[in-house]
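Nothing fancy with the numbering, it's 1 onward along the sequence. First listed ligand is number 1; within each ligand, the first listed atom is number 1.
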Amino acid sequence: MITAIYPGTFDPITNGHIDIAVRSARLFHKVVIGVFDFPKKDLLFSLEERVALAREAVEQHKNISVEPYTELTVDFARKCGAQVLVRGLRVSGDFEFEFAMAMMNKRLDPELEMVCLMASPNFQFLSSSILKEVARLNGDISDFVPDHIARALMDKHYPGLRRQ
Ligand code: ADP
C-alpha cells in the first residue's frame with residue numbers, strides 16, 4: 001500500500017491543486033493533502049477554513065483526505081505512514097524552489113521519495129495569490145476554483161454581496 005502526502009498552503013485550494021491531487025490518487029492507494037499551518041506568507045483563510053474548503057473540494061474522492069499539520073513536512077509524512085511526497089510543477093519558476101526543498105527533505109528523511117507532477121496546461125499560470133488578487137477586484141474566478149471556494153472568496157472580500 002503506497003500513501004502519498006501532498007503538502008502546501010492551499011490558501012485556498014484551486015482547480016490546479018485539485019488536478020494534482022486527483023491525478024496522484026490514480027497513482028497511489030491513498031493521498032493525504034497536508035495543509036500547513038504557518039507558511040512564511042500572508043494568509044487570507046485560517047487553517048480551519050483552508051482545511052474545510054479543501055475537504056469539500058475532494059469529498060467525492062474516497063482515497064483523498066485532508067489534514068492540517070504544524071510540524072516539519074517529513075515528520076507529517078512519517079505520521080501519515082507516507083512513502084511519497086507529491087508536488088506540482090508549473091512552467092514558471094517552481095522548479096528551483098522545489099529542487100532545493102527536495103534536497104533538504106532528502107537529507108531530513110532519505111526514505112521519503114518526492115514525485116513532481118507537471119501542472120496541466122489549463123492551470124499552468126494559476127496560483128492562489130493571483131486568484132486572490134482577481135477575487136479581491138471582483139473578477140470572474142469561476143474557471144479556477146469550485147463554486148464553494150468562489151463563494152468563500154466573495155464572502156471574504158464582499159460580505160453580503162453575491163455575484164449573480
Ligand atoms: P506552497 O506554499 O507550499 O507553495 P501551495 O499551496 O501554493 O503551497 O502549492 C502546493 C503545491 O501545489 C506546490 O507544489 C505548488 O507548486 C503546486 N501548485 C500550485 N498551483 C498549482 C497549479 N495551478 N497547478 C499545479 N500545481 C500547482
Open item on the list: So if I count the atoms of ligand 1 from 1 in the order they appear, which ones are less than 4.0 Å from some heavy atom of Gly16?
Closed with: 22 (C), 23 (N), 24 (N), 25 (C)
- [ ] Would you check the N or O atoms of Phe10, main chain and side chain alike, for any that come under 3.5 Å of an N or O of ligand 1?
- [x] yes
- [ ] On the 0 to 90° scale, with breaks at 30° and 60°, tag the Phe99-Phe95 ring pair as parallel, tilted or perpendicular.
- [x] tilted
Task: atom 4 (O) of ligand 1: the protein heavy-atom neighbour that sits closest, reported with distance to 0.1 Å - done: Arg87 NH2, 3.5 Å
Task: For Asp94, the ligand 1 atoms whose distance to one of its heavy atoms is below 4.0 Å - done: 16 (O)
Open item on the list: Heavy-atom distances under 4.0 Å decide this one: backbone, side chain, both or neither, for Leu126 against ligand 1?
Closed with: both
Open item on the list: If you define the side chain from C-beta out and look only at heavy atoms, does anything of Thr3 sit under 4.5 Å from Met1?
Closed with: yes
Open item on the list: How far is atom 19 (C) of ligand 1 from the closest protein heavy atom, and which atom is that?
Closed with: His17 NE2, 3.3 Å
TODO: Compare all side-chain heavy atoms of Met118 with those of Arg90 and state whether any distance is below 4.5 angstrom.
DONE: no
- [ ] For the pair Tyr69 and Phe76, name the ring-plane relationship: parallel under 30°, tilted 30 to 60°, perpendicular over 60°.
- [x] parallel
Task: Minimum side-chain heavy-atom gap Ser128-Thr9 below 4.5 Å - done: no
Task: Identity and separation of the nearest protein heavy atom to atom 24 (N) of ligand 1 - done: Ala119 CB, 3.4 Å
Task: Sub-4.0 Å atoms of ligand 1 with respect to non-hydrogen atoms of Phe123 - done: 22 (C), 23 (N), 24 (N)
Open item on the list: Once rounded to the nearest 0.5 Å, what's the spacing between atom CE of Met104 and atom OG1 of Thr73?
Closed with: 12.0 Å
TODO: Distance to 0.1 Å, residue and atom name: give those for the protein heavy atom nearest to atom 20 (N) of ligand 1.
DONE: Arg90 NH1, 3.3 Å
TODO: Look only at the side chain of Arg50 and the backbone of Phe45, and say whether a donor-acceptor pair between them is shorter than 3.5 Å.
DONE: yes
Open item on the list: When you measure from the heavy atoms of Tyr6 to every atom of ligand 1, does any distance fall below 4.0 Å?
Closed with: yes
TODO: For ligand 1, indicate whether the residue Thr9 contacts it via side chain, backbone, both or neither (heavy-atom separation under 4.0 Å).
DONE: both
- [ ] May I ask whether Gln124 has any heavy atom positioned less than 4.0 angstrom from an atom of ligand 1?
- [x] no
Open item on the list: If the contact criterion is a heavy-atom separation under 4.0 Å, does Pro7 count as touching ligand 1?
Closed with: yes
Open item on the list: Measuring only between side-chain heavy atoms, which start at C-beta, is Phe28 closer than 4.5 Å to Gln83?
Closed with: no
Open item on the list: Suppose I only count heavy atoms of Gly8 and a 4.0 Å limit; which atoms of ligand 1 are within that range?
Closed with: 3 (O), 6 (O), 8 (O), 10 (C)
- [ ] Evaluate the side-chain proximity of Phe125 to Val91: yes if any heavy-atom separation is below 4.5 Å, no if none is.
- [x] yes
Open item on the list: Among all the protein's non-hydrogen atoms, which is closest to atom 16 (O) of ligand 1, and how far away is it?
Closed with: Gly88 O, 2.7 Å
